[in-house]
Amino acid sequence: MKLRQIVTAGVALAVVAWLVAGCSSSPSSSTTPSATPTSSPSSSTSSLQAELGGAANYTAMEALYNQAVAAGQKSVVIYGPSAGTDTKLYTAFKKSFPDITVTGVPVVGPPMTAKLSAEMSSGKHVDDIAYTGSTDMLSYIKNGWFTPFKPSTVPAASDLAAESYGPGNDFFGFTVGLSGMVYNTNSVKASQVPTTWTGLLNSQWKNKLVMYDPTAVGEMDDIFAHLALVPGDSGLMTGLKAQNAELSPSTDITGPLTAVAQGAKSLGIGVPYAFYLVAKASGAPVQFYLLDADNYTVTLYGGIVKGAPDPLAAELYEDWMYTPQAAAAIASEGEYSTVLADAGPAGVPALSAIKVFPYIPLSGIPAADGNAITQAQKIYG
């Protein structure tokens, strides 16, 4: 237990609190339950049944909740890139299941893989759920790091965003993140921003751009893998090198946004909308926008780690992620639920209305991303 306390202590502090010097980015929220699962009929029970997707879902999750608590499983630890900013999600879960606390550990790419590898080797497990993009999740399957689990609430594949079902029930897609461009409003006017990928190669943006490092697993290598499918945009990697775009480590999940918010760079490429909302609420001089076409979205997948300290609580959390209550919390954080019928976040179009990149099948992503990384390593050294 001490190991889990050491690793998770303090991670509830806002990941992006340092985006803007002197700004607070983490509003406090109460975790006092507004409705606790109970078998006694009441108006609050009826309301919670609706929020959990109906009476059948309510009954099944109530039983699993009681089972987890009786087994002493009162926490869920999640590793992933959005884990530090998913506080609204964790708070919403706790309101319905007050005896279980969810803690996010923000980590992505090689550092996340290293943490999981160390836990697998030592047998001293901290993480319950791995929650990240497909490239790493597929590699974790090869390593045998998941305990297969299919959420009882998962809709049919046709009712979800494409490729939301992972192989062999090892993981499932829960959220779709939207990334776009972010500019510093103190140095750039809205009328000046490029609206196409090739517009980034205009001379006015030389030395003023920042993006994630594409030479390692992360967001930017996946963006370049998709750009390779777009006629006329396949030369962006070389072009952005010539523009002297600053490379932020792929593991620094708010790096490009920080550089723009603090005025070090004028425009950030591939900045997650959810991270932007936190910075904007903190008073950062930033503005998010989408390109005219070929915008980037990424599905985040969740899988229960083999040896998870709290497997029943982890199953409950994954069941809950497909409920209307979870969808509302997901949208409030600036992301989309993979359930197509659910509403998306305010301030951006519905997911179906966004002109996104050509589609790469889940099975083809490792090779496509690997090719992009190899090319980036040659160009960026």
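All figures in this text were calculated on a predicted structure; none of them were measured in a lab.
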Could you tell me whether the side chain of [Y] reaches within less than 4.5 Å of the side chain of [X], counting heavy atoms only?
X	Y	value
Phe97	Leu64	no
Leu200	Gln243	no
Pro324	Asp342	no
Asp170	Met137	no
Met321	Phe93	no
Ile253	Ser82	no
Ile100	Gln73	no

Going by ring-ring contact (aromatic ring centres under 6.0 Å, His included), name the residues that satisfy it together with [X], two or more places apart in sequence or in a different chain.
X	result
Phe174	Tyr322
Tyr90	none
Trp145	Tyr140

*Between Asp292 and Thr195, does any side-chain donor sit less than 3.5 Å from a side-chain acceptor?*
yes
*asked:* Distance alone, cut at 3.5 Å: any donor-acceptor contact between the side chains of Thr299 and Glu163?
replied: no
*Tracing side-chain links under 4.5 Å among I, L, V, M, F, W and Y, which residues wind up in one group with Ile373?*
Val217
*asked:* By the ring pair (Phe, Tyr, Trp, His ring centres under 6.0 Å) test, which pairs, at least two apart or in different chains, include something from residues 233-257?
replied: none
*Quick one: ring pair (Phe, Tyr, Trp, His ring centres under 6.0 Å) pairs with a partner in residues 324-357, sequence neighbours left out?*
Trp197-Phe357, His226-Phe357
Counting distance only, does the side-chain N/O of [X] pair as donor-acceptor with the main-chain N or O of [Y] below 3.5 Å?
X	Y	value
Ser332	Ala329	yes
Asn184	Ser266	no
Glu335	Thr175	no
Thr91	Lys88	no
Thr153	Asp319	yes
Gln49	Tyr58	no

Least distance between heavy atoms, [X] atom then [Y] atom:
X	Y	value
Lys74	Asp99	CB-O, 3.2 Å
Ala284	Ala261	CB-CB, 4.1 Å
Ser179	Leu290	O-CD2, 4.2 Å

_Between Tyr165 and Phe172 (judged by ring centroids, cut-off 6.0 Å), do the two rings come close enough to count as a pair?_
yes
*Does Tyr79 have Lys115 sitting over its ring (NZ/CZ under 6.0 Å from centre, angle to axis within 45°)?*
yes
